[in-house]
Visitor: 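Next up is a structure, given as structure tokens.
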Amino acid sequence: MGVFKKDFLWGGSVSAMQTEGAWDEDGKGKSVYDIRTEAAGVSDWKVAIDTYHRYEEDNALLAELGFNCYRFSISWSRVFPEGKGTINEQGLAFYDRFIDDLLARGIEPMICLYHFDMPLKLAEEYNGFLSREVADYFAEYAKVIVDRYKDKVKYWLTFNEQNIFGMEHAFKISGCQCKETERNLYQIQYHTFLAHAKVVNYIHATAPACKVGGMIAYQLFYPATCKPEDVFFAHQADERFNQLYWEVFANGKYTKNMLAYFSAENCKPEMAEADLAVLAKSKSDFLSFSYYASKCMSFAAVDTSKPFFRQVEQAHVANSYLLANAWNWEIDPLGFRLILDKTYQQYNLPLFPIENGIGWDEVWDGAQPINDSYRVDYHRSHIQAMQQAMETDGVDVLGYLTWAPIDILSSQGEMKKRYGFVYVNRDEHDLKDLSRIRKQSFAWMKKVTTSNGLDLE
């Protein structure tokens with residue numbers, strides 16, 4: 001029988017701006033990504049991998065891989081060109097076709113409502129999620145998407161990797177051109193919590209057959225030594241970058257640790273009293289996360305005069321016990337099991353790891369499939385760790401989604417950082433023919449999914 005349930009979800013995850021292209025077609029408005037220019041070593045996002053025109057070909061590859069779930073994001077500015085106001089029906093028509101094609105192939109669509117691509121108009125006029133009004137506009141946009149697809153789409157996410165809104169990157173991905181202070185950071189964070197809660201509550205009220213959850217980029221922090229300062233710093237980082245979000249998603253409230261920090265550092269965001277009831281009601285149906293690598297923390301390198309969200313990068317040191325890829329992301333499958341076990345025992349909600357994979361600099365020779373045995377090794381070890389968490393630790397896991405099963409641009413615009421089982425023939429500046437070529441890992445992943453995890457060899 002195996003450890004995986006009959007309805008276990010195997011699949012992949014992507015974002016709109018990293019896949020769709022068609023940046024100015026069929027009435028789409030600009031997002032903050034659309035105005036970024038090409039630079040040395042990175043691409044813009046105007047074409048990406050052209051999924052907007054090639055989705056049938058790509059979805060056929062997903063079905064051939066044996067996937068029964070696919071998480072993608074909706075481009076907010078494709079639906080609302082200015083982020084609010086007039087709806088672009090051509091944009092919705094694209095998602096109608098896209099979702100229907102997935103369903104016809106037996107693939108469960110999973111919608112993520114926001115994956116960093118703030119409508120440019122809202123960034124310029126309101127400073128993105130620094131503004132409470134933008135949180136309200138997001139909720140209105142989300143209602144349109146939920147109402148349209150609630151009878152076709154069962155699984156929903158509000159924000160991709162929502163804890164990044166509590167990190168330095170928050171100012172970029174929220175569309176905010178403001179001073180990078182802690183008060184502004186936590187105001188952005190709060191508005192995304194509020195927006196998340198409003199959408200969760202709306203889905204529960206209007207689409208009871210649907211399941212909605214919050215998602216984080218899980219930051220697994222190890223102390224570099226058993227020195228108490230290293231241990232405590234790793235603990236505090238976990239509290240503020242992981243547990244805070246789980247507490248909001250699972251129980252609708254801030255952690256005492258974070259509230260105490262607000263008071264101590266005088267950086268508490270503005271919160272309306274009526275918001276507390278909105279947050280308290282917004283209990284997630286599942287908890288989801290991305291996981292790629294763990295991090296080792298050394299307090300010795302920390303400048304305590306800096307805000308905590310900047311201290312974490314200072315503390316990051318190499319883990320001599322782990323191997324890493326070219327981007328120094330350390331491969332740690334046991335860390336994956338640790339996250340699953342710890343989170344499930346503490347919050348007792350089903351877990352859904354929806355991004356996992358390894359980026360590698362790969363170049364196709366034009367003839368032979370790429371031999372990416374390192375990718376097979378990575379996924380095999382992580383799936384085995386997940387099996388152990390389920391079988392030995394009693395963790396309830398809904399599915400396993402790989403990041404970018406077909407090669408896409410990275411979040412920094414690097415085409416060379418490839419995660420897929422399928423190679424896309426383009427590089428940072430030369431689009432070539434954008435053809436799709438199966439890598440050697442493709443056959444292995446198909447074997448895993450079609451055997452429902454029984455065959456990992």
Side-chain angles (χ1 to χ4, degrees), residues 14-17 19-20 22-34 51-52 55 70-103 108-123 125-126 128-129 131-160 162 173-175 191-215 278 281-282 284-285:
V14 295
S15 77
M17 88 274 188
T19 56
E20 287 181 3
W23 71 286
D24 61 351
E25 292 186 37
D26 295 335
K28 181 184 177 297
K30 291 181 180 178
S31 80
V32 293
Y33 276 83
D34 294 326
T51 295
Y52 192 82
Y55 68 88
Y70 192 58
R71 188 214 84 172
F72 59 96
S73 72
I74 302 286
S75 169
W76 185 351
S77 58
R78 195 177 291 283
V79 177
F80 284 91
E82 296 188 353
K84 60 187 177 86
T86 304
I87 295 174
N88 176 31
E89 281 294 333
Q90 286 180 291
L92 285 171
F94 165 69
Y95 292 113
D96 291 345
R97 297 190 299 272
F98 187 83
I99 290 169
D100 286 346
D101 189 75
L102 286 172
L103 291 169
E108 185 92 53
M110 181 182 195
I111 287 179
C112 176
L113 290 161
Y114 187 83
H115 196 125
F116 308 159
D117 50 349
M118 172 65 63
L120 182 61
K121 193 79 169 176
L122 298 184
E125 291 190 8
Y126 297 91
F129 281 114
S131 164
R132 186 184 175 100
E133 288 175 280
V134 170
D136 291 336
Y137 290 139
F138 174 79
E140 292 304 313
Y141 143 72
K143 288 177 183 178
V144 170
I145 304 302
V146 171
D147 288 346
R148 192 161 183 120
Y149 299 120
K150 63 185 178 183
D151 295 327
K152 295 181 177 181
V153 177
K154 179 179 179 181
Y155 292 99
W156 295 79
L157 291 178
T158 51
F159 291 90
N160 179 72
Q162 194 166 344
I173 65 172
S174 67
H191 286 153
T192 60
F193 276 146
L194 185 60
H196 161 85
K198 288 181 176 181
V199 175
V200 169
N201 293 342
Y202 185 76
I203 289 175
H204 285 160
T206 64
C210 294
K211 302 294 183 184
V212 58
M215 179 200 174
V278 176
K281 191 179 178 183
S282 63
S284 289
D285 299 307

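Numbering of residues begins at 1 and proceeds along the displayed sequence.
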Visitor: Do the two ring centres, one from Tyr149 and one from Tyr95, sit under 6.0 Å apart?
Guide: no
Visitor: Where the side chain of Ser73 meets the backbone of Ala16, is there a donor-acceptor pair that is under 3.5 Å apart?
Guide: yes
Visitor: Any donor and acceptor pair, going by atom type alone, linking the side chain of Tyr52 with main-chain N or O of Phe94 inside 3.5 Å?
Guide: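 No.
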Visitor: Search all heavy atoms of Tyr137 against all heavy atoms of Gly83 and return the closest pair with its distance.
Guide: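 Taking Tyr137 first and Gly83 second, the nearest heavy atoms are CB-O, 4.1 Å.
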Visitor: Using a 3.5 Å distance criterion without hydrogens, assess whether the side chain of Ser77 forms a donor-acceptor pair with backbone atoms of Gly29.
Guide: yes
Visitor: Where is the tightest heavy-atom contact between Pro109 and Leu103, given as atom of each residue plus distance?
Guide: CD-CD2, 3.5 Å
Visitor: Measure centre to centre between the rings of Tyr114 and Phe129, then say whether the value is under 6.0 Å.
Guide: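 Between Tyr114 and Phe129, the centre distance is under 6.0 Å.
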Visitor: Please enumerate all residues that pass ring-ring contact (aromatic ring centres under 6.0 Å, His included) together with Tyr33, with sequence neighbours excluded.
Guide: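 If we apply the ring-ring contact (aromatic ring centres under 6.0 Å, His included) test to Tyr33, skipping adjacent residues, the hits are Trp45.
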Visitor: Restricting to side chain to side chain donor-acceptor pair (under 3.5 Å), what partner residues turn up for Lys154, sequence neighbours left out?
Guide: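 With neighbours one apart ignored, the set is empty.
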Visitor: Check for a donor-acceptor pair, side chain of Asp285 on one end and backbone N or O of Val212 on the other, with a separation under 3.5 Å.
Guide: yes
Visitor: With a 6.0 Å cut-off on ring centres, are Phe138 and Trp76 close enough?
Guide: yes
Visitor: Is there a side-chain contact between Asp24 and Asp34, using heavy atoms and a 4.5 Å cut-off?
Guide: no
Visitor: side-chain hydrogen bond (donor to acceptor under 3.5 Å, both in side chains): which pairs involve residues 81-94, sequence neighbours left out?
Guide: Glu89-Arg148
Visitor: If you look only at pairs with a residue in residues 70-79, which of them pass as a salt bridge (Lys or Arg N to Asp or Glu O under 4.0 Å), with sequence neighbours excluded?
Guide: Glu20-Arg78, Arg71-Glu355
Visitor: Within a radius of less than 6.0 Å around NZ of Lys152, do more than 12 heavy atoms belonging to other residues, nucleotides or ligands occur?
Guide: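 Counting neighbours around NZ of Lys152, more than 12 heavy atoms of other residues, nucleotides or ligands fall under 6.0 Å, so yes.
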Visitor: Between Asn201 (side chain only) and Lys198 (backbone N and O only), is there a donor and an acceptor less than 3.5 Å apart?
Guide: no
Visitor: For Tyr202, give me all partners under side chain to side chain donor-acceptor pair (under 3.5 Å), at least two apart in sequence or on another chain.
Guide: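 Tyr202 satisfies side chain to side chain donor-acceptor pair (under 3.5 Å) with Asp147 only.
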Visitor: For Phe80, check ring-ring contact (aromatic ring centres under 6.0 Å, His included) against everything at least two apart and list the hits.
Guide: none
